[in-house]
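One structure is given below, encoded as structure tokens.
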Amino acid sequence: MTFLTLQTHQRAELRVHDLDAGKTTVVFSSTERYVEAPNWHPGGEWLVLNVEGGLVRLRADGTSPLETIAVPEPLVLNNDHVISPDGEHLLVSARDGQLYRIPWRGGVASRITEPRDPALRFKYYLHGVSRDGQTLAAIGGGLDASGTWVTNVYTLPAVGGPHTQLTDDAFADDGCDFSADGEAIWFNSERAGEYPGHAQLFRMGVDGTGLQRMTHDDRVNWFPHPSPDGRHVLYLSYPAGTTGHPPNLDVELRLIDLSSGDDRVVDSFLGGQGTTNVPGWSPDGRRVAYVAYPMTQALAGGRGGDHR
């Protein structure tokens with residue numbers, strides 16, 4: 001099984017940015033483990049990350065070592081996971097294409113979704129859970145009638161049951177997450193792109209109506225995450241011309257102020273895949289966790305294309 005790994009002279013930095021203080025703190029750093037996709041436990045004390053198909057947690061202030069969360073075999077996870085609002089369960093995407101529920105302290109996994117026709121190669125990728133914990137927002141990908149891989153936005157009951165398809169077209173959709181009030185879903189899509197791979201951010205009602213384009217620039221914008229307090233949307237912005245969401249590019253973490261419409265850069269760094277695939281907001285919406293993958297200072301000046 002292949003997982004992303006750190007390059008020589010590269011490290012993974014788990015960073016926490018405090019919006020009020022305008023300060024970024026590195027709470028964990030490793031030159032050996034490719035940690036990805038941090039999200040915040042609703043209790044506020046712990047961060048959860050993906051590492052090589054499994055999950056780990058550490059205290060949000062960085063005062064504890066990484067602690068492995070027991071993921072039952074033979075499950076191998078991708079880096080799309082959320083935490084139930086009551087903090088009791090981890091809701092995860094596995095590489096078999098299904099969604100599962102795992103107790104917060106680890107243990108027996110309960111499958112949420114049901115396999116579809118194997119010929120479709122259909123897979124779910126989980127990105128959001130509603131504030132009441134009742135509904136999940138996920139990307140579903142599979143083969144259409146022509147054999148082309150297509151992705152669309154779906155919602156489904158967190159306890160399992162039929163999904164509801166909200167988009168239905170040939171454009172690549174990804175990164176769906178609920179607004180704080182539960183009335184809208186944000187996602188990224190290539191439907192309005194000026195060139196292949198040109199993803200922009202969109203918002204629509206939870207029933208799929210009222211589609212609005214929310215970013216209008218040349219950059220490639222992914223993974224919108226509305227804050228729990230309803231004030232902001234955080235997202236990952238790639239350089240123009242990027243296709244997909246690869247690792248090891250010079251990216252920007254950007255923030256939309258929903259009251260003013262202002263859009264600003266929170267941080268710039270080497271990153272991409274694994275940086276903020278899942279909601280990384282603290283429960284109060286004042287801090288956000290993400291991962292950067294910088295090179296050592298010795299190589300930083302001559303990085304160029306060698307590390308892309």
Just so I know, are the side chains of [X] and [Y] near enough to count as touching, which here means a heavy-atom distance under 4.5 Å?
{"X": "Leu49", "Y": "Tyr34", "result": "no"}
{"X": "Leu126", "Y": "Val92", "result": "no"}
{"X": "Pro239", "Y": "Arg219", "result": "yes"}
{"X": "Pro224", "Y": "Asp177", "result": "no"}
{"X": "Pro85", "Y": "Val129", "result": "yes"}
{"X": "Val288", "Y": "Val16", "result": "no"}
{"X": "Leu19", "Y": "Trp281", "result": "yes"}
{"X": "Arg116", "Y": "His163", "result": "yes"}

To the nearest 0.5 angstrom, please state how far the [atom1] atom of [X] sits from the [atom2] atom of [Y].
{"X": "Arg254", "Y": "Ile256", "atom1": "CZ", "atom2": "CD1", "value": "8.5 Å"}
{"X": "Ser237", "Y": "Tyr235", "atom1": "OG", "atom2": "OH", "value": "5.0 Å"}
{"X": "Arg57", "Y": "Ile69", "atom1": "CZ", "atom2": "CD1", "value": "4.5 Å"}
{"X": "Leu236", "Y": "Asn221", "atom1": "CG", "atom2": "CG", "value": "8.5 Å"}
{"X": "Thr215", "Y": "Leu201", "atom1": "OG1", "atom2": "CG", "value": "4.0 Å"}
{"X": "Asp229", "Y": "His232", "atom1": "CG", "atom2": "NE2", "value": "7.0 Å"}

Step by step, would you call Leu55 with Leu90 a side-chain contact (heavy atoms from CB on, under 4.5 Å)? CA-CA 10 Å; Leu55 295 173; Leu90 300 163; 3.8 Å; yes
With sequence neighbours left out, what residues match His127 under ring-ring contact (aromatic ring centres under 6.0 Å, His included)? Phe223
Mind checking what makes ring-ring contact (aromatic ring centres under 6.0 Å, His included) contact with Tyr290, not counting sequence neighbours? Phe269
Donor on one side chain, acceptor on other, [X] and [Y], under 3.5 Å:
{"X": "His81", "Y": "Asn39", "result": "yes"}
{"X": "Asp61", "Y": "Thr63", "result": "yes"}
{"X": "Gln200", "Y": "His198", "result": "yes"}
{"X": "Asn152", "Y": "Thr167", "result": "yes"}

Cluster partners of Ile185, using ILVMFWY side-chain heavy atoms under 4.5 angstrom, listed by chain and number? Tyr125, Ile139, Leu143, Trp149, Val153, Leu166, Phe178, Phe187, Phe202, Met204, Val206, Leu211
Please list every donor-acceptor pair under 3.5 Å in which a side-chain atom of residues 97-112 meets a protein atom from a residue at least two apart or in another chain.
unit_1	atom_1	unit_2	atom_2	d
Gln98	OE1	Thr113	OG1	2.7
Tyr100	OH	Asp96	OD2	2.6
Arg101	NH2	Ala158	O	2.1
Arg111	NE	Thr113	O	3.0
Arg111	NH2	Glu114	OE1	3.1

For [X] and [Y], indicate whether the former's side chain and the latter's backbone hold a donor-acceptor pair under 3.5 Å.
{"X": "His89", "Y": "Leu91", "result": "no"}
{"X": "Tyr195", "Y": "Gly241", "result": "yes"}
{"X": "Gln10", "Y": "Tyr293", "result": "yes"}

Measure up the Tyr154 and Tyr124 rings against each other and bin them: parallel (under 30°), tilted (30 to 60°), perpendicular (over 60°). perpendicular
Using salt bridge (charged side-chain N to carboxylate O under 4.0 Å, His left out) as the criterion, list what pairs up with [X], not counting sequence neighbours.
{"X": "Arg191", "result": "Asp169, Asp173"}
{"X": "Asp144", "result": "none"}
{"X": "Glu13", "result": "Arg11, Arg15"}
{"X": "Glu32", "result": "none"}

Tell me, yes or no, whether the heavy-atom count around Glu194 atom CD, taken from other residues, nucleotides or ligands under 6.0 Å, exceeds 12. yes
Within a 6.0 Å radius of atom CZ on Arg213, are there more than 12 heavy atoms belonging to other residues, nucleotides or ligands? yes
Ion pair present between Arg287 and Asp18, side-chain N to carboxylate O less than 4.0 angstrom? no
Summary of side chain to side chain donor-acceptor pair (under 3.5 Å) pairs that have at least one residue in residues 132-141, sequence neighbours excluded: Ser130-Asp132
Going hydrophobic residue to hydrophobic residue with side-chain gaps under 4.5 angstrom, can you get from Val278 over to Leu47? no
Side-chain donor-acceptor distances from residues 270-277 under 3.5 Å, at least two apart:
unit_1	atom_1	unit_2	atom_2	d
Gln273	OE1	Asn79	ND2	3.3
Gln273	OE1	His245	ND1	3.4
Gln273	OE1	Asn277	ND2	2.6
Thr275	OG1	Gly272	N	3.0
Thr275	OG1	Gly272	O	3.3
Thr275	OG1	Val291	O	2.8
Asn277	OD1	Gly274	N	2.8

Mind checking side chain to side chain donor-acceptor pair (under 3.5 Å) for Asp218 and listing every partner two or more places apart, or none if nothing turns up? none
Can you run down the ring-ring contact (aromatic ring centres under 6.0 Å, His included) pairs that involve residues 49-76, sequence neighbours left out, and say none if there aren't any? none
